[in-house]
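These notes are about the structure you will find just below.
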Amino acid sequence: MEQASRGLAGLSKSYDPKPIEDKWYSKWLEDGIFKADPNSEKPAFSIVIPPPNVTGSLHLGHALDNTLQDILCRTRRMQGYEVLWMPGTDHAGIATQNVVERAVRNEGGNRRDMGREAFVNRVWEWKSEYGSRIIGQLKKLGASCDWDRERFTMDEGLSRAVRRVFVELYEKDLIYRGKYLINWCPRCLTALSDLEVEHRELDGHLYSVRYDFAGGGGSVTVMTTRPETILGDTAIAVHPRDERNRHLVGKSVVVPIIGRVIPVIEDNMVDPEFGTGAVKITPAHDPNDFLVGGRHGLEQISVMDDQGVMNENADKYRGMDRFEARAAIIEDLKGAGLLLDEIPHRHSVGHCYRCNTIVEPYLSEQWFVRTRPMADEDVASVKAGEIRFIPEQWTATYYQWMDNIRDWCISRQLWWGHRIPAWYCDDCGAVIVSADEPESCGCGSKRLRQDEDVLDTWFSSALWPFSTMGWPDETPELEKFYPTSVLVTGFDIIFFWVARMIMMGLEFMKKPPFADVYIHALVRDEHGQKMSKSKGNVIDPLVIIEKYGADALRLTLAALTLQGRDIFLSESRIETYRFFLNKLWNAARFALMNLEDAEHDIDAIDYGALRTHDLWIMTRVSSVAEEMTALSDGYFFGESARLMYDFVWGELCDWYLELSKPALKGEEGAARKRATQSVLYSVFRDVLKLLHPVIPFATEELWSAFGYGDTIIGRSSWPLAREVSGGDSAASAMESIQAVVRAMRSLRAEIKLPPQQEAPRMCVRIKDSSLYEHVLNNDDLIRLLSRVGKIELMPEGASKPEKSISYITGIWEIFFPVGDLLDTDKEIARLSAESAKLAKDAERISRKLENKNFIEKAPAEVVEHDREALADAESRIRRIEENISGLR
RNA sequence: GGGCGUAUAGCUCAGCUGGUUAGAGCACCUGCCUUACAAGCAGGGGGUCAUUGGUUCGAGUCCAACUACGCCCACCA
């Protein structure tokens, strides 16, 4: 035992996280307690971190996500598991490229001038300079990752996994290339997947435009929100069973402005009820029209370039921006008398999730993952319970998306990312997909060009659970730690990430990547608003850590994590939990002040010297440990934080520490003092352990102050429930003590007797005289806590003391003789109110008991319970009334 | 258009498989610097559980409808 380190020497009077957090984090790293050993005999517990973007800085979402993961990992370590928490970062294609591009522009350069190689080198430089920033911030938070294993999605190993997966999917015909209408960001100049497009409602207009028949003699009117696409129209469509427009089919009409003659066709896609029932078809600029065009072999005419500028097909609008062109075309249509109507129209418009530019449906050659064949297997796996979403409601969300899943566009026209492992032969036009660079084409040509595009960032993150463990090699890590135990993440990336990990995990590992998916809430501000820089309501976790300490932030986040709810965070809430840390700190200081230098191990406890409250607190610790284990297994973070909060504050501090004071002062003799010290020593050991996963720094510091053996708390074992002999009867005796003390305190407050002033005496009467024993045995303690000189037990039939006020519970009657301080009217009023309230209860219960159905159908114990409750209420009323008449 | 979630004290939320008098923190009121802690202690006020029906002996809890708010998905021009 480290006597030297025990005591108050290092403990400040109030809790101050500053001097302890960095110190202990370094110690943990030094001792290697976060290291995972794949050859361990212990059962495995593993988590892969949702890799933060290398560009990122720690925000509250990360803080929450990683606090929860850390709580799980630290608990499991103490429970004897071999824990792997795999850390790393994501290269975050578009986001990172944008950041570095901006930096280059600020220096007066530009990406195109630099060229691909120089630019990519520049991003790597940037990554090596700033990429570790977020890792350092996670350490500040206390994250117990196995840092030696830190991975990056563009590491050589992970890149190899990416190429391997691409090639295998291609060979299985699950990846294909083709010219389709995709979502295009005219600012990022890249294709986006459907998920990367955010739809927002915007106010626009619905324009009615007249298309005249080619030979004259009539016209058809169509509606559009995007008149600039008129230039790319290649048909007008009506519904096949639309009587109203039947006569139009087969006619030719003239596209306004541009004069192209196009046919009127029939297609089921058209809603005959909408507008005139005729719709213009622009295969190159609308996803729906693209499909119609495909069915009818229509020409696809792009009228814009990749930057959203009108191109050579746009006639006189060439060179105009798409929105300028829209305005110009509207004017021209008006001028030509072809614009028949213009009504305000609110509709949903796609925006780039990275730069918020309005996305353009754009025709281009891209790579896709064929998701349907894999999706069915994924859903089956979840349905079979191989993967469990917690809270369960997210399963429905997952299914809904998977049931409607569409092919995933994975190519991006960026420079930063995994380059697509496909080569094109300049001589024979062959496409070679290969994990390694081919030397020559099958035709013998050496003129091979690699595809210019890179893969969607989410392609590599989909492989994260196994790529980080060394796949495609067969490694001890995969053997030991795959599948992982649980994935902890926010619902915002269920589709982006979770669904795709399941897809790739099942496809390549034949096993789902995790057993549980714990989906936590989003952190919002105190008014429920999403935090954003523009709103100025962002709470920076690093500022909070600086001000309140990492433990306070962690405890707050954990306590506010109730399943399936958003978290509304404010500084005042963090303060509440910082106060708790201070409470714990001071309780520990109190214990340490009184432990002195003796050894007080639990085995040394002299059971014969224990009193009611000692046995009670020991029993309580045991059952709290049991509850904590269950709550932890069920991912009840908020509940377990609150349990500890209530137990430490409301039971340990408010009752036990107060009751232990006389013994610690030596007033109960040497044996009692020693026994009490031992109890304190043992109780704090378990309490610190139970709190350690949530508040690792403070508990480690206190652990060392107590000098519990020579190990650090991070290596100690999780407390188990312990049988305490005599614990049950101590618990019921404690109830008596608390009932009497609370009653007397309440009576004191009634006459505003100052706490320091001792009340001369109180009288106690009780229905069940066997409980007198509890009062007699703890007379000293009850008097101490209620500041009363003398407790008189009233024998049966004794009349109540003169000039006293009373507090009547179901079991106890407490009388406080107050002499001339008695305000008879006030006391009568108080008691009458109490009596009236009880009378209402009694009436309700007796009505219930008069109900035959209730007596017959309700379980016997419920009926019995109500009978007792009624008798109890009636007896209280009777006694209160007696008191009232005594006062008169 | 489809799916999901939430309505309980002034605020933020607990309340598990229906069964004592619906709880906590903050805020509020009263009295206390009682040598672990004023970041504290003790006592107290405050809710017809959104609305309406239904199931049941019994509903904050289960079911339906309705209202309000929020979120996700979707190719109505």
Side-chain angles (χ1 to χ4, degrees), chain A residues 8 13-15 181 194-195 199 206 222-226 229 237 269-271 273-275 278-282 286-292 345 347-348 361 391 393-394 396-397 399-401 404 406 491-492 494-495 522 526 528 559-560 562 564-570 572-573 575-594 634 636 638-639 642 645-646 650 653-654 657-658 661 742 745-750 752-756 785-787 837-838 840-841 844-845 848 851-859 861-863 865-866 868-869 872-873:
Chain A
L8 295 164
K13 199 174 169 210
S14 59
Y15 167 66
L181 197 66
D194 295 331
L195 279 178
H199 292 273
L206 195 51
V222 303
M223 285 177 161
T224 181
T225 53
R226 306 185 55 205
T229 64
M269 170 275 261
V270 183
D271 173 4
E273 305 300 318
F274 187 92
V279 54
K280 66 189 224 39
I281 302 296
T282 322
D286 180 278
N288 244 332
D289 297 1
F290 177 79
L291 296 176
V292 175
H345 182 67
H347 61 142
S348 137
Q393 66 197 62
W394 293 110
T397 305
Y399 289 152
Q400 210 218 336
W401 190 70
N404 300 302
R406 289 187 295 157
F491 57 78
D492 49 331
I494 288 180
F495 307 142
L522 220 62
E526 58 190 309
L560 297 180
L562 284 317
R565 285 293 220 139
D566 285 343
I567 293 177
F568 294 180
L569 192 72
S570 64
S572 73
R573 224 147 282 177
E575 269 186 328
T576 302
Y577 291 98
R578 199 253 317 236
F579 294 163
F580 172 79
L581 288 170
N582 194 51
K583 187 75 181 174
L584 175 72
W585 188 262
N586 276 290
R589 276 181 66 233
F590 168 77
L592 289 163
M593 276 176 187
N594 289 288
F636 294 104
E639 290 81 352
R642 284 162 187 227
Y645 184 102
D646 292 341
C653 292
D654 287 350
L657 295 188
E658 292 305 324
K661 283 176 180 175
R742 287 199 178 107
R745 281 172 172 170
S746 180
L747 290 178
R748 294 180 56 106
E750 199 59 44
K752 304 210 191 311
L753 192 65
Q756 65 275 30
L785 294 193
S786 49
R787 291 275 166 135
K837 204 177 124 197
L838 284 167
K840 259 172 77 184
D841 290 343
R844 187 176 41 79
I845 300 170
K848 215 163 135 187
N851 184 339
K852 256 200 184 123
N853 281 324
F854 174 66
I855 306 292
E856 280 166 19
K857 295 188 180 170
E861 70 234 37
V862 172
V863 176
H865 189 276
D866 277 345
E868 279 170 21
D872 189 75

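Proteins come first, then strands; the chains are lettered A, B, ... in the order of their sequence lines, and each starts at number 1.
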>> Does the structure show a Watson-Crick or G-U wobble partner for B/C76, both distances under 3.5 Å? Name it, or say none.
In response: none
>> With side chain to side chain contact (heavy atoms under 4.5 Å, CB included) as the criterion, how do A/I855 and A/N851 come out once you've worked through the C-alpha distance, each side chain's angles and the decisive distance to 0.1 Å?
In response: CA-CA 7 Å; A/I855 306 292; A/N851 184 339; over 6 Å; no
> Taking OP1 and OP2 of B/C75, is either one under 4.0 Å from a side-chain nitrogen or oxygen of A/R406?
Replying inline: yes
>> From the set B/A36, B/C32, B/A42, return the single nucleotide nearest to any side-chain atom of A/P755.
In response: B/C32
>> Need one value for A/K583: base, sugar-phosphate or nothing, where a base atom within 4.0 Å counts as base even if backbone is also close, heavy atoms only.
In response: base
> Do the side-chain N or O atoms of A/K857 get closer than 4.0 angstrom to the phosphate oxygens (OP1, OP2) of B/G58?
Replying inline: no
> In the structure shown, which nucleotide is the Watson-Crick or G-U wobble counterpart of B/A24, with both distances under 3.5 Å?
Replying inline: B/U12
> How far apart are the closest heavy atoms of A/T229 and A/T282, and which atoms are they?
Replying inline: O-CG2, 3.3 Å
> Phosphate oxygens OP1/OP2 of B/A14: is one of them under 4.0 Å from a side-chain N or O of A/R642?
Replying inline: no
> Atom CD1 of A/I567 and atom C1' of B/G70: how far apart are they, to the nearest Å?
Replying inline: 16 Å
>> Under 4.0 Å, counting only non-hydrogen atoms across every strand here, what does A/A858 touch: a base, just sugar-phosphate, or nothing?
In response: base
>> Students often get this wrong, so: under 4.0 angstrom with heavy atoms, is A/D654 touching a base, only sugar-phosphate, or nothing?
In response: sugar-phosphate
> If you check the A/C653 side chain, which of B/A36, B/C75, B/G15 turns out closest?
Replying inline: B/A36
> Side chains of A/P755 and A/R787: does their closest heavy-atom pair fall under 4.5 Å?
Replying inline: no
> Nearest to the side chain of A/I845, which nucleotide is it out of B/A77, B/A36, B/U21?
Replying inline: B/U21
> Roughly how many Å is it from CZ in A/R787 to P in B/C41, rounded to a whole number?
Replying inline: 15 Å
> Can you tell me the Watson-Crick or wobble partner of B/C41, both distances under 3.5 angstrom?
Replying inline: B/G31
>> Please report the distance, rounded to the nearest Å, between CZ in A/R573 and P in B/A27.
In response: 12 Å
>> If you assign each of A/D841 and A/H347 to its closest nucleotide in RNA chain B, which residue comes earlier from the 5' end?
In response: A/D841
>> For a quick check of understanding: with a heavy-atom distance under 4.0 Å over all strands, which category does A/P859 fall into, base, sugar-phosphate or nothing?
In response: base
> Given the P atoms of B/G2 and B/G19, what is the spacing between them in whole Å?
Replying inline: 35 Å
> To the side chain of A/S746, which of B/A36, B/G43, B/A77 is closest?
Replying inline: B/G43
> With a non-hydrogen cut-off below 4.0 angstrom, is A/F495 in contact with a base, only sugar-phosphate, or nothing?
Replying inline: sugar-phosphate
> Once you round it to whole Å, what is the distance between C1' of B/C37 and NZ of A/K13?
Replying inline: 8 Å
>> Using Watson-Crick or G-U wobble geometry with both distances under 3.5 Å, which nucleotide pairs with B/G58?
In response: none
> Expressed in whole Å, how much space separates the C1' atoms belonging to B/C62 and B/G15?
Replying inline: 16 Å
>> Please report the distance separating the P of B/G31 from the corresponding atom of B/A36, rounded so that it comes out in whole Å.
In response: 25 Å
>> Please classify the nucleic acid contact of A/S14 as base, sugar-phosphate, or nothing, using heavy-atom distances under 4.0 Å.
In response: base
> Which of these nucleotides, B/A77, B/C13, B/C32, is closest to any side-chain atom of A/Q756?
Replying inline: B/C32
>> If the cut-off is 4.0 Å, is A/K848 near the phosphate of B/U20, judged by side-chain N/O to OP1 or OP2?
In response: no
> Can you tell me how far P in B/C37 sits from the matching atom in B/C71, rounded to whole Å?
Replying inline: 48 Å
>> Looking at every non-hydrogen atom in both residues, tell me the closest pair between A/A278 and A/V222 and how far apart they are.
In response: O-CG1, 3.6 Å
> Nearest-Å distance, CG (A/D866) to C1' (B/G58)?
Replying inline: 10 Å
>> Mind checking if A/N582 touches a base, just sugar-phosphate, or nothing, with heavy atoms under 4.0 Å?
In response: base
> Is A/K661 positioned over the aromatic face of A/F590, cation under 6.0 angstrom from the ring centre and no more than 45 degrees off axis?
Replying inline: yes
> Does any nucleotide pair with B/G70 by Watson-Crick or G-U wobble geometry, both distances under 3.5 Å, and what is it?
Replying inline: B/C4
> To the nearest Å, how far apart are A/F854 CZ and B/A59 C1'?
Replying inline: 14 Å
>> Starting the side chain at C-beta, find the nucleotide from B/C37, B/A77, B/G43 nearest to A/T224.
In response: B/A77
>> Using a heavy-atom cut-off of 4.0 Å across all strands, would you classify A/R578 as base, sugar-phosphate, or nothing?
In response: base
>> Without decimals, in angstroms, what is the distance between A/I855 CD1 and B/U56 C1'?
In response: 16 Å
>> Measuring from the side chain of A/Q400 (C-beta onward, heavy atoms only), which nucleotide among B/G2, B/A36, B/A39 has the closest atom?
In response: B/G2
> What's the CZ-C1' distance between A/F491 and B/U6, to the nearest Å?
Replying inline: 13 Å
>> Which heavy atom of A/L206 sits nearest to which heavy atom of A/M223, and what is that distance?
In response: CD2-SD, 3.9 Å
> Using atom C1' of each nucleotide, how far apart are B/U8 and B/U51 to the nearest Å?
Replying inline: 15 Å
> Mapping A/K661 and A/N853 to their closest nucleotides on RNA chain B, which lands nearer the 5' end?
Replying inline: A/K661
> Can a side chain N or O of A/T397 be found less than 4.0 Å away from OP1 or OP2 on B/C73?
Replying inline: no
> What are the two closest non-hydrogen atoms of A/M269 and A/I281, and how far apart are they?
Replying inline: CE-CD1, 4.1 Å
>> For A/W401 and A/F495, take the angle between the two ring planes, folded into 0 to 90°, and tell me which bin it lands in: parallel under 30, tilted 30 to 60, perpendicular over 60.
In response: parallel
> Taking the same atom, C1', in B/C49 and in B/A24, what whole-Å distance lies between them?
Replying inline: 16 Å
